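The structure appears right after this line, and notes come after that.
All chains are named by letter (A, B, ...) in the order of the sequence lines, taking the proteins before the strands, and each is independently numbered beginning at 1. When reading the values below, keep in mind they use all heavy atoms of this one structure, side chains included, and skip hydrogens, waters and symmetry mates. The structure presented is a predicted model; accordingly, all values stated were derived computationally and were not measured.
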2 protein chains.
Amino acid sequence: MQLEQALTILKDEGYKYTEKREDILNFFNKEDGYRTASDLLNYLSKKYSGISYDTIYRNLHLFHDLNILETTELGGEKHFRLSCGHDEHHHHFICKSCGKTKAIESCPMNHIRQNFDGYYIENHKFEVYGLCPSCL
Amino acid sequence: MQLEQALTILKDEGYKYTEKREDILNFFNKEDGYRTASDLLNYLSKKYSGISYDTIYRNLHLFHDLNILETTELGGEKHFRLSCGHDEHHHHFICKSCGKTKAIESCPMNHIRQNFDGYYIENHKFEVYGLCPSCL
DNA sequence: TTACAAATCGTAATGATTACGATATGATGA
DNA sequence: TCATCATATCGTAATCATTACGATTTGTAA
Ligand SMILES: [Mn+2]
Ligand SMILES: [Mn+2]
Ligand SMILES: [Zn+2]
Ligand SMILES: [Zn+2]
């Protein structure tokens, strides 16, 4: 997702423009991988010495609700990244070292739906973890 | 996994037999689904009024290390269940209401390994969430 | 029955996340 | 430009799951 697109979503939805919000988006744009709330707090603390947890989490949740960020749970901690932008449903390899991802185009649900007659399927999670070539 | 098998593992590995340990195994045996540390604490508190968190978590981790329990993270909280016993690698549908599972025999990794030349793949997670027929 | 390592207790610490009253600040229109 | 006001942020405490640890108890083997 592009930064401008994200800022447009905020404006269209009636949220205010703030420099912190732009910095948060810039952070995720340059990081290009899954990052935690505390990663973001460390980054913003350089510029805004007294930044509040409330600001961090409120904006992370807002951006997630607006589909600007996507999230996953890794090792008991929520991680965030800019939404992919692809519009077809897909999954990810995630590098445990740098947090960067590689798309997995095929979805395993297609192969197994037939085995769940009588079940209500709400969602699913398929993620592959390891090390990317540059971290190896 | 059978209770007797679990108790044998404990004995063979040199761990002591305690009534609490047997009660923990009985709990997971009768529950037949993913349960949290706090589910277990509530259950054991009926019989052992002052049971310690240390006892709960120490035994959960021990049983997991001995492959008596398997674990997954649901909604930011670790859940435990008796190990399946199947020896072929597989995945699970998990009912969000009762925690019971249904095996998924096929593993999506088989189809996509070829796309990860140059990557080190450490592990993967594939879980399907929803409601089982009896919870519907 | 004794001895001792293992297990448990009681309770505090930790770390991520949430909560909330007080204050500051973007956006809007007069 | 200024006044207004809803939104955003701050400062800080609370919450929740999990971990930590010294003191005490207990299972096991000699
Ligand atoms: Mn993607
Ligand atoms: Mn199974
Ligand atoms: Zn990497
Ligand atoms: Zn169910």
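If A:D54 and A:T36 are placed on DNA chain C by their nearest nucleotide, the residue sitting closer to the 5' end is A:T36. For A:S49 and B:K78, each mapped to the nucleotide of DNA chain D holding its nearest heavy atom, the one lying further toward the 5' end belongs to A:S49. Between B:A37 and B:K16, the one whose closest nucleotide on DNA chain D sits nearer the 5' end is B:A37.
The phosphate of D:dT19 has neither OP1 nor OP2 within less than 4.0 Å of any side-chain N or O from B:Y57. Taking 4.0 angstrom as the limit, A:H61 places a side-chain polar atom (N or O) nearer than this to OP1 or OP2 of C:dT18. Within the structure, every side-chain polar atom (N or O) of A:Y53 is placed at least 4.0 Å from both OP1 and OP2 of C:dT17.
Applying the 3.5 Å distance criterion, the base of C:dG26 shares no donor-acceptor pair with the side chain of A:T18.
Whole-Å rounding puts the B:Y48 OH to C:dT8 P distance at 10 Å. Atom NE2 of A:H64 and atom C1' of C:dT18 are 17 Å apart (whole Å). Rounded to whole Å, the distance from CD on B:E77 to P on D:dT15 is 17 Å. Separating the NZ atom of B:K20 from the C1' atom of C:dA6 is a distance of 13 Å, rounded to the nearest angstrom. For A:L40 and C:dA16, the CG to P distance is 14 Å, given to the nearest whole Å. Between A:E19 atom CD and C:dG26 atom C1' there is a gap of 13 Å when expressed in whole angstrom units. What separates CG of A:D23 from P of D:dT9 is a distance of 11 Å, to the nearest Å. Rounded to whole angstrom, the span from the CD1 atom of A:I51 across to the P atom of C:dT17 amounts to 16 Å.
Checking each of B:H124, B:E127, B:K125 against B:H91 for a side chain to side chain donor-acceptor pair (under 3.5 Å) leaves exactly one that passes, namely B:H124.
Residue B:R58 is classed as a base contact, given a heavy-atom separation below 4.0 Å to a base.
A donor and an acceptor atom, one from each side chain of B:N42 and B:S45, are nowhere located under 3.5 Å apart. No side-chain donor-acceptor contact under 3.5 Å links B:D23 and B:Y43.
In this structure, B:K11 is not positioned above the aromatic face of B:Y17 in the sense of NZ or CZ being under 6.0 Å from the six-membered ring centre and within 45° of the axis.
At a threshold of 4.5 Å between side-chain heavy atoms, the hydrophobic network of Ile, Leu, Val, Met, Phe, Trp and Tyr places A:Y57 and A:Y34 in two separate groups.
Here the nucleotide nearest the side chain of B:T55, chosen from D:dT12, C:dC20, C:dC9, is C:dC9.
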